[in-house]
Number of protein chains: 2
Amino acid sequence: MVIVKQARHPGPEEMTLVAVMGALSDPIRVGLVRVLADGRERGWGELRAPVAKSTLSHHLRVLRDAGLTRTRQEGTRCFVELRREDLNARFPGLLEAVLEVARGDDVGAHVGVADDSNRT
Amino acid sequence: MVIVKQARHPGPEEMTLVAVMGALSDPIRVGLVRVLADGRERGWGELRAPVAKSTLSHHLRVLRDAGLTRTRQEGTRCFVELRREDLNARFPGLLEAVLEVARGDDVGAHVGVADDSNRT
DNA sequence: TAGCTTGTTCGATGTTTTACGAACAACGAA
DNA sequence: TTCGTTGTTCGTAAAACATCGAACAAGCTA
């Protein structure tokens with residue numbers, strides 16, 4: 001029996017505006033959200049940010065705790081995705097507005113994904 | 001000649017998403033924005049928040065520095081207003097989305113205005 | 001089993017934020 | 001000029017945050 005201790009994710013009702021705004025008040029985290037904005041689930045190790053991995057882990061935790069992302073564990077690795085549906089239901093229009101500006105201003109420019117040469 | 005040292009306000013181009021999100025990641029500041037959301041300019045002394053006046057001054061400064069509000073000085077007193085136009089131009093949809101949630105969740109509930117008995 | 005990979009957690013450090021009261025500066029009123 | 005009012009700034013303290021490297025746990029792989 002495989003018990004993979006999944007991290008806790010807040011339900012929509014548990015999400016707070018202040019926590020979400022706080023999560024998005026750091027350029028690296030905004031960059032991560034931008035990367036995930038295409039709706040694709042990304043492997044943790046695929047994510048690239050100019051910080052140590054422990055720090056990246058921290059940022060992903062802040063995003064998860066605020067309800068912005070969902071982290072799934074599979075074996076020894078993790079996959080992250082944006083909780084777009086939940087966010088739109090709980091905070092209508094907010095995510096789109098933020099992404100729009102983030103793209104325009106290129107916020108979190110140094111965050112990206114590895115150019116994974118093993119798929120298309 | 002009256003030179004009232006006006007505080008510096010960032011122009012729309014100087015406003016950053018991260019600063020705005022940071023400014024809105026505190027319930028008192030969200031409360032202040034809510035109070036100002038009706039478009040009326042408010043006297044500083046009219047504002048009520050459960051913090052010392054030096055702390056309120058600090059919060060108003062954070063909002064001003066982020067570009068959310070404009071502070072005008074007249075004689076010995078100040079008036080604050082929301083920079084709705086500028087915000088909508090710079091961050092389309094953001095303010096409305098935030099206000100919508102803030103109202104629904106009653107964020108910053110302890111912030112308000114004095115019940116000014118000298119009008120209506 | 002032994003070792004490798006992957007991501008989290010721990011401990012330390014330096015910075016930023018929030019908060020308060022006291023001191024201050026600017027202005028208007030007496 | 002001497003007060004009172006109004007809001008900012010200063011000094012300080014506590015908490016939160018970002019960051020790192022080291023240690024760790026869990027799961028594959030050899």
Side-chain angles (χ1 to χ4, degrees), chain A residues 1-9 16 18-32 41-66 69-81 108 110-111 113-114 116, chain B residues 1-9 16 18-32 41-66 69-81 108 110-111 113-114 116:
Chain A
M1 176 171 172
V2 182
I3 297 187
V4 184
K5 183 170 52 178
Q6 292 288 351
R8 170 171 169 64
H9 294 78
T16 73
V18 163
V20 168
M21 301 306 272
L24 295 174
S25 67
D26 180 289
I28 290 196
R29 290 193 293 260
V30 173
L32 289 168
E41 184 181 55
R42 296 291 184 175
W44 201 107
E46 204 181 346
L47 300 173
R48 291 289 173 275
V51 290
K53 69 174 183 172
S54 55
T55 303
L56 180 55
S57 180
H58 161 69
H59 285 307
L60 286 170
R61 173 196 246 284
V62 173
L63 288 173
R64 172 161 34 79
D65 287 351
T69 58
R70 177 164 20 246
T71 297
R72 180 174 64 85
Q73 197 158 16
E74 194 177 299
T76 173
R77 49 188 76 183
C78 298
F79 296 88
V80 191
E81 69 180 337
H110 301 335
V111 179
V113 289
D116 192 5
Chain B
M1 174 171 171
V2 183
I3 297 188
V4 184
K5 182 170 53 179
Q6 293 288 352
R8 170 171 170 63
H9 294 78
T16 72
V18 163
V20 168
M21 301 306 273
L24 295 174
S25 66
D26 180 289
I28 291 197
R29 290 194 293 260
V30 173
L32 289 167
E41 184 180 56
R42 296 291 185 176
W44 201 107
E46 203 181 346
L47 301 172
R48 292 289 174 273
V51 290
K53 69 173 181 173
S54 55
T55 303
L56 179 55
S57 181
H58 160 70
H59 284 306
L60 286 169
R61 175 198 246 283
V62 173
L63 287 174
R64 173 161 33 79
D65 287 351
T69 60
R70 176 164 20 245
T71 298
R72 180 174 63 84
Q73 198 159 15
E74 193 177 300
T76 175
R77 50 188 75 182
C78 298
F79 296 88
V80 191
E81 69 179 339
H110 302 335
V111 178
V113 289
D116 192 5

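Chain letters run A, B, ... following the sequence lines, proteins first and then strands; every chain starts at 1.
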Problem set entry | Given C/dC20, D/dG27, C/dG7, the nucleotide with the shortest approach to the side chain of A/Thr76 | D/dG27
For this session: Output the single nucleotide from D/dT9, C/dG21, C/dA26 whose closest atom is nearest the side chain of B/Ala52.
Result: C/dG21
Exercise. Taking atom P of C/dT16 as reference, at what distance in whole Å does atom CZ of B/Arg29 sit?
Worked result: 15 Å
For this session: Search all heavy atoms of B/Leu60 against all heavy atoms of B/Thr69 and return the closest pair with its distance.
Result: O-OG1, 4.2 Å
Problem set entry | Length of the line joining B/Lys53:NZ and C/dA23:C1', which is rounded to integer Å | 11 Å
Exercise. Looking at CG of B/Leu63 and CG of B/Leu24, how far apart are the two atoms once the value is rounded to the nearest 0.5 Å?
Worked result: 7.0 Å
Problem set entry | B/Arg72 with B/Glu41: basic N within carboxylate O range, under 4.0 Å | yes
Exercise. To the nearest angstrom, how far is B/Asp26 atom CG from C/dT16 atom P?
Worked result: 18 Å
Exercise. Is there any side-chain hydrogen bond (donor to acceptor under 3.5 Å, both in side chains) pair reaching into residues 49-59 of chain A, and which pairs are they, with sequence neighbours excluded?
Worked result: A/Arg29-A/His59
Exercise. Once you round it to whole Å, what is the distance between C1' of C/dC27 and CZ of B/Phe79?
Worked result: 13 Å
Exercise. Rounding to a whole Å, what distance do you find between A/Trp44:CH2 and D/dG27:C1'?
Worked result: 16 Å
Exercise. Tell me: CZ of A/Arg77 to C1' of D/dT29, nearest whole Å?
Worked result: 12 Å
For this session: Can you figure out which of C/dC20, D/dC20, D/dA18 approaches the side chain of A/Ser54 most closely?
Result: D/dC20
For this session: Measure from the side chain of B/Val51, starting at C-beta and using heavy atoms only, and say which of C/dA19, D/dT19, D/dG7 lies closest.
Result: C/dA19
Exercise. Side chain of B/Thr55: nearest nucleotide among C/dA19, D/dT8, C/dT8?
Worked result: C/dA19
For this session: Using atom CZ of A/Arg72 as one end and atom P of D/dG27 as the other, report the distance to the nearest whole Å.
Result: 15 Å
For this session: For B/Thr71 and B/His9, work out which heavy atoms get closest and say how close.
Result: N-NE2, 2.8 Å
Exercise. Within the structure shown, what part of the strands sits under 4.0 Å from B/His59 by heavy-atom distance: base, sugar-phosphate, or nothing?
Worked result: sugar-phosphate
For this session: Take atom CZ of B/Arg42 and atom C1' of D/dG7, then tell me their distance rounded to the nearest Å.
Result: 19 Å
Seminar exercise, completed: Winner on side-chain proximity to B/His58, out of D/dT19, C/dT18, D/dT9, is C/dT18
